[in-house]
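Just so it is clear, the values below take in all heavy atoms, side chains as well, and ignore hydrogens, waters and symmetry mates. For ligands, and for the atoms within them, numbers begin at 1 and follow the listed sequence. Residue numbers count from 1 along this sequence.
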Amino acid sequence: MTEKKKKRGRLLVISGFSGVGKGTVIRRLMEEHPGYAFSVSATTRAPRPGEIHGKDYFFVDNQTFDCWAEEGRFLEYARHLDKAYGTLRDHVEALREEGRDVILDIEVQGAVNVMAACPDAVSVYIIPPDGRELYRRILGRGTESPEQIRKRLTKAVAEVELVPRYRHVVVNDQVEDVAREIHQLLHRRRGLRLPKREALKKTRQIRRDLEEILKEKDFCDTINNCISK
Ligand code: 5GP
């Protein structure tokens, strides 16, 4: 008897404002549903404490990254805060062939390129409940300098332009709820808690909140106080 061919897995592209809690949502999705696999990207940035080569990223030097890019080994690649990040085509293909639904945790420019190359990809952008909440979450990590935080927020503001290109926009209020919502979206079950038009309106408000925060003259003092606590 011939073995029934496995159904090819889908692509789930997830992006979101820096600090929105994407990683936690993805971990939750994967804990709840073993059919998912995470696409391990290549990056030129250094590993953070606890990160493992081959599990979180393939940490490579600039030369290796450029060589892989030239060889066409990336499904997409982009630069983010002066570092390069790329999705490995063969790695993603192999997982999809196994029937796994592959999660790509990538920034907006890369996501837009994947959407163009793979029109069947399901793309989701995660937003925070509001801009101040996002700011509080980034400050709460207490790991970045005021300059790094300023760069992150500035990038977040610039990203907003591309958010309408995502098929879905979801709010990360409760991690369990947003993970369930994303899973249902992939399986074309009803699930969207906030219509896209409303979510985009909220996204524009978040941009205004962030622009205001960036203009506040005590921006750096607030961060320094938080870091020194
Ligand atoms: P981090 O350095 O904080 O792990 O990631 C920074 C940003 O790079 C995040 O927005 C993450 O989604 C994005 N990123 C991670 N891997 C890739 C990738 O392969 N391609 C693209 N375009 N972005 C990525």
* Considering only protein heavy atoms, which is closest to atom 16 (N) of ligand 1, and at what distance to one decimal place? -> S41 OG, 3.2 Å
* Looking only at protein heavy atoms, which one is nearest to atom 23 (N) of ligand 1, and how far off is it? -> E107 N, 3.1 Å
* Asked: Which part of Q109 is near ligand 1, with near meaning a heavy atom under 4.0 Å away: side chain, backbone, both or neither?
  -> neither
* **Short N-O contact, R136 and E133, less than 4.0 angstrom** => yes
* Asked: Heavy atom of R48 under 4.0 Å from ligand 1?
  -> yes
* Between H80 and ligand 1, which residue portion shows a heavy-atom distance shorter than 4.0 Å: side chain, backbone, both, or neither? -> side chain
* Between atom SG of C118 and atom CG of N113, what is the distance when rounded to the nearest 0.5 Å? -> 10.5 Å
* May I ask you to check whether F17 and Y125 place their ring centers less than 6.0 Å from one another? => yes
* What part of E159 sits under 4.0 Å from ligand 1 if we count only heavy atoms: the side chain, the backbone, both or neither? -> neither
* Asked: Short list, please: which atoms of ligand 1 are under 4.0 Å from a heavy atom of D105?
  -> 11 (C), 12 (O), 14 (N), 15 (C), 16 (N), 17 (C), 24 (C)
* To do: State whether R132 and E212 are salt-bridged, where the test is any N-O pair (Lys NZ or Arg NE/NH1/NH2 against Asp/Glu carboxylate O) under 4.0 Å.
  => yes
* Geometric N/O contact K22 with ligand 1, under 3.5 angstrom -> yes
* **Within-shell test, F74 vs ligand 1, heavy atom, strictly < 4.0 Å** => no
* Tell me which part of Y77 gets within contact of ligand 1: side chain, backbone, both or neither, using heavy atoms under 4.0 Å. => neither
* Asked: Is any N or O atom of A42, backbone or side chain, closer than 3.5 Å to an N or O atom of ligand 1?
  -> no
* If you have a sec, work out which protein heavy atom is nearest atom 5 (O) of ligand 1 and how many Å separate them, to one decimal? => Y57 OH, 3.3 Å
* Looking at R79 and E107, does any basic side-chain N land under 4.0 Å from a carboxylate oxygen? -> no
* Under-4.0 Å salt bridge between E93 and R89 -> no
* To do: Go through ligand 1 atom by atom and flag the ones less than 4.0 Å from a non-hydrogen atom of A78.
  => 22 (N)
* Asked: Using the ring of each side chain (for Trp, its six-membered ring), is Y36 parallel, tilted or perpendicular to H33, with breaks at 30° and 60°?
  -> perpendicular
* Does E76 approach ligand 1 within less than 4.0 angstrom via side chain, backbone, both or neither, non-hydrogen atoms only? -> side chain
* Per-atom contacts, ligand 1 versus R45 - under 4.0 Å to a heavy atom -> 1 (P), 2 (O), 4 (O)
* Asked: Looking at D120 and R96, does any basic side-chain N land under 4.0 Å from a carboxylate oxygen?
  -> yes
* Contact check: E51 vs ligand 1, nitrogen or oxygen atoms, below 3.5 angstrom -> no
* To do: For the pair H53 and F59, name the ring-plane relationship: parallel under 30°, tilted 30 to 60°, perpendicular over 60°.
  => tilted
* Look at the side chain of S39 and the backbone N and O of V102, then say whether any donor-acceptor pair between them is shorter than 3.5 Å. => no
